[in-house]
Chemist: 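One structure, as structure tokens, below. Some questions next.
As the structure lists them, so they are numbered: ligands from 1, and atoms in each ligand from 1. All figures in this text were calculated on a predicted structure; none of them were measured in a lab. The figures here come from the full heavy-atom set of this structure, side chains too, leaving out hydrogens, waters and symmetry mates. Start at 1 with the first residue, then count along the sequence.
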Amino acid sequence: MTLALGCIADDYTGASDLANTLTRCGLRTVQTIGVPADDFPLPEVDAVVVSLKSRSIAAADAIAASRAAERWLRGRGAAHVLFKICSTFDSTDAGNIGPVMDALQEDAGDAMVLVTPAFPGTGRTVYQGNLFVGAIPLNESPLKDHPLNPMHDANLVRVLGQQSRSWIGLVDLATVARGVDAIRERLARMAGEGVRAAIVDAVFDTNLETIGRVALDHRLSVGASGLGLGLARGLLVTGRVLALEVAAGASQREVGGAAACLAGSCSQATLGQIAEAEKVMPVLRLDAERLVAGSDEVDDAIGWALERIGQGPVLIASSASAEQVAVVQGRHGREAAGHAIEQAMAAIAEALVLAGVRRLVVAGGETSGAAVDRLGLPGFLVGPEIAPGVPVLRSVGGRHGDILLALKSGNFGGPTFFNDALGLMR
Ligand code: ADP
């Protein structure tokens, strides 16, 4: 099998977002957690998104991890690799976008790399090389106060120039609007002047497809999910990938088995969803204080679930109101309380899977991450969407056989999310 598209994402949520975008475009897509082992049983797919956590680590480590991911993807035949970054270009003068781009470009042997974080559909546009978040320039947006990588300059030609060894050029909107040949000409002219990477303007989603088609002339590109969308459309319009009813992919072959839901998010949306779930399934509300204290709360919860999962789905929630959360955090500290509760939820997830649960819904970003880590799941095939941004995932290569998962950030999904998810997970 030959991959049409390989992607290296610099964080997990960005990877999920990209994998979901590619799937919605019609590409059969697997997301892996880290660089997979050589014997990872890759199913027949068009795209693989390797999720790294390389956005805010030392540049040398980000380079090493990204190179390993690229080698794995090229080894599976990926003709084009997208280095997926945040649509707000999260980075510092030290990197990691520029240094990783330089290293991957060296490995790819590409003379020119197209770079754009634009995704107009989600309010990220680039004009004359300046990145806008909605109506405001990046350096006036909340990103100016980001705790890890405050963004003080909206001009990406300058920002990337500071991080990269290469000369950085600009393909402006007027050129993009004239189409693929105009972009190719401009890139060729800049290459002749010694430019090795170019920020590409995009203000409308239609620009992304044009850019994606040109990017596919090269072996490497750098961008956010918007460029992923452009590349996917480019692959489809040029016939390199046939659009399939991929959304059905991950829901094929019923996994059967018991079903359970876990909620660690304390968002308003999740609290409402738990209340709704109470109408249709047994719900156990955990005592956060006992969870943090490491008492029998976890074992009691597992026992409670095992008595019931034979009859139908159950939901176990640590979620609590803001006031209750403040009390627990005040007593134990925010980080310690959060971590202890995440680990407790992960332990419950593992026990349930060992007891035969094969359909697992988890609410909460950090809670989901802890559960996936504990279950040792190396990757997922992305399936139909339950709610915007939340697909059904089918585990690939895990030690527990096929498991269907829905992993959602706290705020995602409508009031009946838990039931909606289970309805699509068979
Ligand atoms: P979201 O996606 O809504 O941010 P997360 O799972 O990422 O959800 O984060 C929720 C955090 O709150 C986790 O660290 C979780 O362990 C913690 N948490 C869950 N329940 C409680 C509680 N009752 N009291 C304090 N913290 C809690």
Chemist: Give the residue and atom name of whichever protein heavy atom lies nearest to atom 20 (N) of ligand 1, and the separation in Å to one decimal.
Modeler: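 The answer is S318 OG, 2.9 Å.
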Chemist: Could you identify the single nearest non-hydrogen protein atom to atom 3 (O) of ligand 1 and state the distance to 0.1 Å?
Modeler: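 For atom 3 (O) of ligand 1, the nearest protein heavy atom is S265 OG, 2.7 Å.
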Chemist: Tell me whether Q329 has any N or O atom under 3.5 angstrom from an N or O of ligand 1.
Modeler: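 It does not: no N or O of Q329 is found under 3.5 Å from an N or O of ligand 1.
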Chemist: Judged by modelled atom types alone, do T238 and R240 share a side-chain donor-acceptor pair under 3.5 Å?
Modeler: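 Yes, R240 and T238 have a side-chain donor paired with an acceptor closer than 3.5 Å.
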Chemist: Is there a donor-acceptor contact under 3.5 Å linking the side chains of E289 and H332?
Modeler: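 A donor-acceptor contact under 3.5 Å links the two side chains.
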Chemist: Of the protein's non-hydrogen atoms, which lies at the shortest distance from atom 8 (O) of ligand 1, and what is that distance?
Modeler: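 In this structure, atom 8 (O) of ligand 1 has G364 CA, 3.3 Å as its nearest protein heavy atom.
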Chemist: With the side chain counted from C-beta on, respond yes when F132 and V203 share a heavy-atom pair under 4.5 Å apart, and no when they do not.
Modeler: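 When only atoms from C-beta onward are counted, V203 and F132 do not touch, as no gap falls below 4.5 Å.
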Chemist: Below 4.0 Å from any atom of ligand 1, is there a heavy atom belonging to E342?
Modeler: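 The answer is yes: ligand 1 sits under 4.0 Å from a heavy atom of E342.
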Chemist: Taking distance alone, with N or O pairs closer than 3.5 Å, would you say V325 contacts ligand 1?
Modeler: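 In fact, backbone or side chain, V325 has no N or O that close.
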Chemist: State whether the shortest distance between N or O atoms of T367 and N or O atoms of ligand 1 falls below 3.5 angstrom.
Modeler: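 Among all N and O atoms of T367, at least one is under 3.5 Å from an N or O of ligand 1.
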Chemist: Is there side-chain contact between H80 and S221, with at least one heavy-atom pair below 4.5 Å?
Modeler: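 In contact.
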Chemist: Answer side chain, backbone, both or neither: which part of A337 comes under 4.0 Å from ligand 1, heavy atoms only.
Modeler: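 It is neither part, as no heavy atom is under 4.0 Å.
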Chemist: Between the side chains of E385 and N20, does any donor sit under 3.5 Å from an acceptor?
Modeler: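 On atom types as modelled, these side chains qualify, holding a pair under 3.5 Å.
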Chemist: May I ask you to say whether R219 pairs ionically with E70, meaning some side-chain N is under 4.0 Å from a carboxylate O?
Modeler: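 Salt bridge absent between R219 and E70.
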Chemist: What do you reckon, does K408 have a nitrogen or oxygen under 3.5 Å from a nitrogen or oxygen of ligand 1?
Modeler: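 No; every N/O pair is 3.5 Å or more apart.
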Chemist: Take atom 26 (N) of ligand 1 and look for protein heavy atoms under 4.0 Å from it; say yes if you find one, no if not.
Modeler: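 So atom 26 (N) of ligand 1 has protein heavy-atom neighbours under 4.0 Å.
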Chemist: Which atoms of ligand 1 are found less than 4.0 Å from any heavy atom of G338?
Modeler: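 Result: 14 (O), 16 (O).
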Chemist: Below 4.0 angstrom from a heavy atom of A320, which ligand 1 atoms are there? Numbered from 1 as shown, please.
Modeler: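 Near A320, meaning under 4.0 Å from one of its heavy atoms, ligand 1 has 23 (N).
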Chemist: Which residue in the set R55, K84, K53 passes salt bridge (charged side-chain N to carboxylate O under 4.0 Å, His left out) when paired with D10?
Modeler: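 So the option named by the test is R55.
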Chemist: Assess, by modelled atom type and distance only, whether the side chains of T13 and D11 contain a donor and an acceptor separated by less than 3.5 Å.
Modeler: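 On atom types as modelled, these side chains qualify, holding a pair under 3.5 Å.
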Chemist: Determine whether F380 and V30 make a side-chain contact, defined as any pair of heavy atoms from C-beta on separated by less than 4.5 Å.
Modeler: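 Not in contact.
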Chemist: Is there a nitrogen or oxygen of E366 sitting under 3.5 Å from a nitrogen or oxygen of ligand 1?
Modeler: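 Among all N and O atoms of E366, at least one is under 3.5 Å from an N or O of ligand 1.
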Chemist: What atoms of ligand 1 come within less than 4.0 Å of a heavy atom belonging to S409?
Modeler: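 Answer for ligand 1: 2 (O).
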Chemist: Taking only residues at least two apart or on different chains, which pairs with a member in residues 297-311 satisfy side-chain hydrogen bond (donor to acceptor under 3.5 Å, both in side chains)?
Modeler: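 Those involving residues 297-311 are R290-E297.
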Chemist: Could you tell me, atom by atom, which parts of ligand 1 come under 4.0 Å of a heavy atom of G410?
Modeler: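 Here the atoms of ligand 1 in question are 1 (P), 2 (O), 3 (O).
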Chemist: Which of these, G365, A363, G264, has its nearest heavy atom closest to atom 10 (C) of ligand 1?
Modeler: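 Of the listed residues, G264 has the closest heavy atom.
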